[in-house]
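So that the names make sense, note that chain A is the first sequence line, chain B the second, and so on, each numbered from 1. Quick note: numbers below take in every heavy atom, side chains included, and nothing from hydrogens, waters or symmetry partners.
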There are 2 protein chains.
Amino acid sequence: MATDTEEKIKVAARNVFKKKGFAATRTRDIAEEAGVNLALLNYYFKSKELLFNEVMFEIILDFKRTLVQFLNDDSLSFEDNLQRLIDTYTELFLREPELPLFVMGELRNNPQVVVEKIKPADLIYGSTFEKQLSAMLGNSSVDATQIFINAISMTFFPFISRPMVQNVCGIDDENFVKMVRERSRNIPKWIMSIIQTDIKTN
Amino acid sequence: MATDTEEKIKVAARNVFKKKGFAATRTRDIAEEAGVNLALLNYYFKSKELLFNEVMFEIILDFKRTLVQFLNDDSLSFEDNLQRLIDTYTELFLREPELPLFVMGELRNNPQVVVEKIKPADLIYGSTFEKQLSAMLGNSSVDATQIFINAISMTFFPFISRPMVQNVCGIDDENFVKMVRERSRNIPKWIMSIIQTDIKTN
DNA sequence: ATTTGTTTTAATCGTTTGATTAAAATTATT
DNA sequence: AATAATTTTAATCAAACGATTAAAACAAAT
């Protein structure tokens with residue numbers, strides 16, 4: 001059972017680490033953000049590194065949860081499942097804008113750890129989602145994985161390159177939210193276009 | 001005219017900064033990588049921060065160059081221009097795998113500086129590429145910018161999430177290269193699918 | 001050949017940073 | 001209420017880090 005203080009530190013650590021990454025955050029930043037004495041970080045979490053690991057694993061799991069949640073629902077069509085997946089990630093990233101870049105950064109710093117925690121291959125292969133997608137593609141030349149990568153790319157990347165996107169589109173924060181929500185509605189349609197053209201050309 | 005030493009430092013700094021980011025790199029790392037005395041960094045570049053800025057601006061400009069290069073060639077069709085753009089970024093990222101994540105990281109740390117350096121809106125609007133794309137879309141419901149974002153997303157994101165992609169696809173480094181090259185050939189086709197479906201549904 | 005200017009080096013400085021400690025404050029137990 | 005255990009605090013430590021310095025090594029100029 002986590003103390004009140006312990007929880008405050010964890011929340012603060014999550015915020016600061018997410019925003020600045022491991023190397024750029026000082027333990028004093030976290031202590032200040034938590035409104036807590038510096039020594040308490042070590043009292044509860046031993047070291048900066050262990051605190052980071054604990055926080056990072058939680059973030060990674062939040063990230064993974066969305067995937068797990070909507071990959072195995074066979075009561076919905078492929079397109080509806082895809083729509084839900086994209087919607088959920090879009091809303092997650094709207095709530096926590098630093099999440100995607102943080103995860104990608106960790107993926108660079110600790111590829112094997114992150115991949116081991118998420119195990120994306122294990123999640124996708126054998127899932128309802130993958131079966132639906134494969135069935136739809138038939139013996140098309142491009143495989144299901146590439147289509148999946150396209151969907152994730154189109155969903156994630158605008159958040160990672162947000163300031164650039166806002167400049168290109170000439171929009172403020174408020175309209176960025178509208179834009180990604182509209183993209184979220186469009187991406188399944190776009191994916192279906194890709195699939196269908198791909199089927200026809202074979 | 002840059003000294004030999006000065007250039008060695010810059011090259012080393014570029015490599016280390018790209019890999020680890022500003023906060024995580026120590027000046028001693030750079031000195032060692034350059035095979036040069038630590039004090040020479042300050043002798044030639046005043047401070048770690050100024051060295052970083054110099055290196056970062058060069059990286060950002062390398063990044064921008066590809067965009068500038070292929071956005072205004074009206075001797076080629078839209079699809080051919082798109083193909084060249086995607087090919088060039090793909091080959092750039094194969095040569096410098098840390099580039100996309102580094103730029104995105106800087107975009108988070110210093111959004112206004114990076115956007116000001118690249119000015120993507122100024123590059124795109126009024127460009128041949130944008131005119132070709134807009135002409136193709138006509139009065140379709142989705143605008144040219146979204147299509148452009150899709151192309152860039154599908155091109156960039158696999159590099160940013162590389163370890164994840166390699167796990168999902170079950171491929172090693174060598175086959176990752178093959179995969180992104182194949183994607184590079186497919187993305188223009190996929191983009192055309194999106195455009196054409198979008199036109200039809202309006 | 002001597003002087004002047006430039007580049008490189010080893011040593012060291014002052015801060016910052018993560019971590020520890022010993023005492024104080026608070027809470028729990030008897 | 002007295003004692004023991006836990007939590008919090010202020011002060012401080014040692015290591016790491018960016019930066020500086022003074023002297024040495026080297027090159028250029030006269």
In whole angstroms, how far is the [atom2] atom of [N] from the [atom1] atom of [X]?
X	N	atom1	atom2	value
E32(B)	dT8(C)	CD	P	18 Å
E6(B)	dT7(C)	CD	P	9 Å
I9(B)	dT9(C)	CD1	P	10 Å
D4(B)	dT7(C)	CG	C1'	12 Å
F45(A)	dT20(C)	CZ	P	15 Å
N37(B)	dA19(D)	CG	P	15 Å

side-chain contact (heavy atoms from CB on, under 4.5 Å) involving T27(B) - partner list, sequence neighbours excluded: L38(B), L41(B), K48(B)

Is it true that [X] and [Y] have a side-chain N and a carboxylate O under 4.0 angstrom from each other?
X	Y	answer
R84(B)	D87(B)	no
E91(A)	R181(A)	yes
E96(B)	R14(B)	yes

Can you tell me if CD on E49(A) sees more than 12 non-hydrogen neighbours from other groups inside 6.0 Å? no

Start with the C-alpha gap between Y125(B) and T145(B), add the side-chain angles, then the distance that decides, and say whether side-chain hydrogen bond (donor to acceptor under 3.5 Å, both in side chains) holds. CA-CA 10 Å; Y125(B) 293 107; T145(B) 317; 3.0 Å; yes

For K19(B), all residues meeting side-chain hydrogen bond (donor to acceptor under 3.5 Å, both in side chains), sequence neighbours excluded: none

Taking N or O atoms only and anything under 3.5 Å, show me the protein contacts with nucleotides 15-19 of chain C, one pair per line.
| from | atom 1 | to | atom 2 | distance (Å) |
| --- | --- | --- | --- | --- |
| dT17(C) | OP1 | R26(A) | NE | 3.4 |
| dT17(C) | OP1 | R26(A) | NH1 | 3.4 |
| dT17(C) | OP2 | R26(A) | NH1 | 2.8 |
| dG18(C) | OP1 | T25(A) | O | 3.3 |
| dG18(C) | OP1 | K48(A) | NZ | 3.0 |
| dG18(C) | OP2 | T27(A) | N | 2.8 |
| dG18(C) | OP2 | T27(A) | OG1 | 2.9 |
| dG18(C) | N7 | R28(A) | NH1 | 2.8 |
| dG18(C) | O6 | R28(A) | NH2 | 3.3 |
| dA19(C) | OP2 | K48(A) | N | 2.7 |

Does the ring center of [X] lie less than 6.0 Å from the ring center of [Y]?
X	Y	value
Y89(B)	F63(B)	yes
F157(B)	F156(A)	yes
F22(B)	F52(B)	yes

Can you give me the N/O atom pairs linking the protein to nucleotides 5-7 of chain D at distances under 3.5 Å, or say none if there are none?
| from | atom 1 | to | atom 2 | distance (Å) |
| --- | --- | --- | --- | --- |
| dT7(D) | OP2 | Y43(A) | OH | 3.0 |

Contact list for DNA chain D against residues 51-59 of chain A - heavy-atom distance below 4.0 Å: none

Mind checking what makes salt bridge (charged side-chain N to carboxylate O under 4.0 Å, His left out) contact with R185(A), not counting sequence neighbours? none

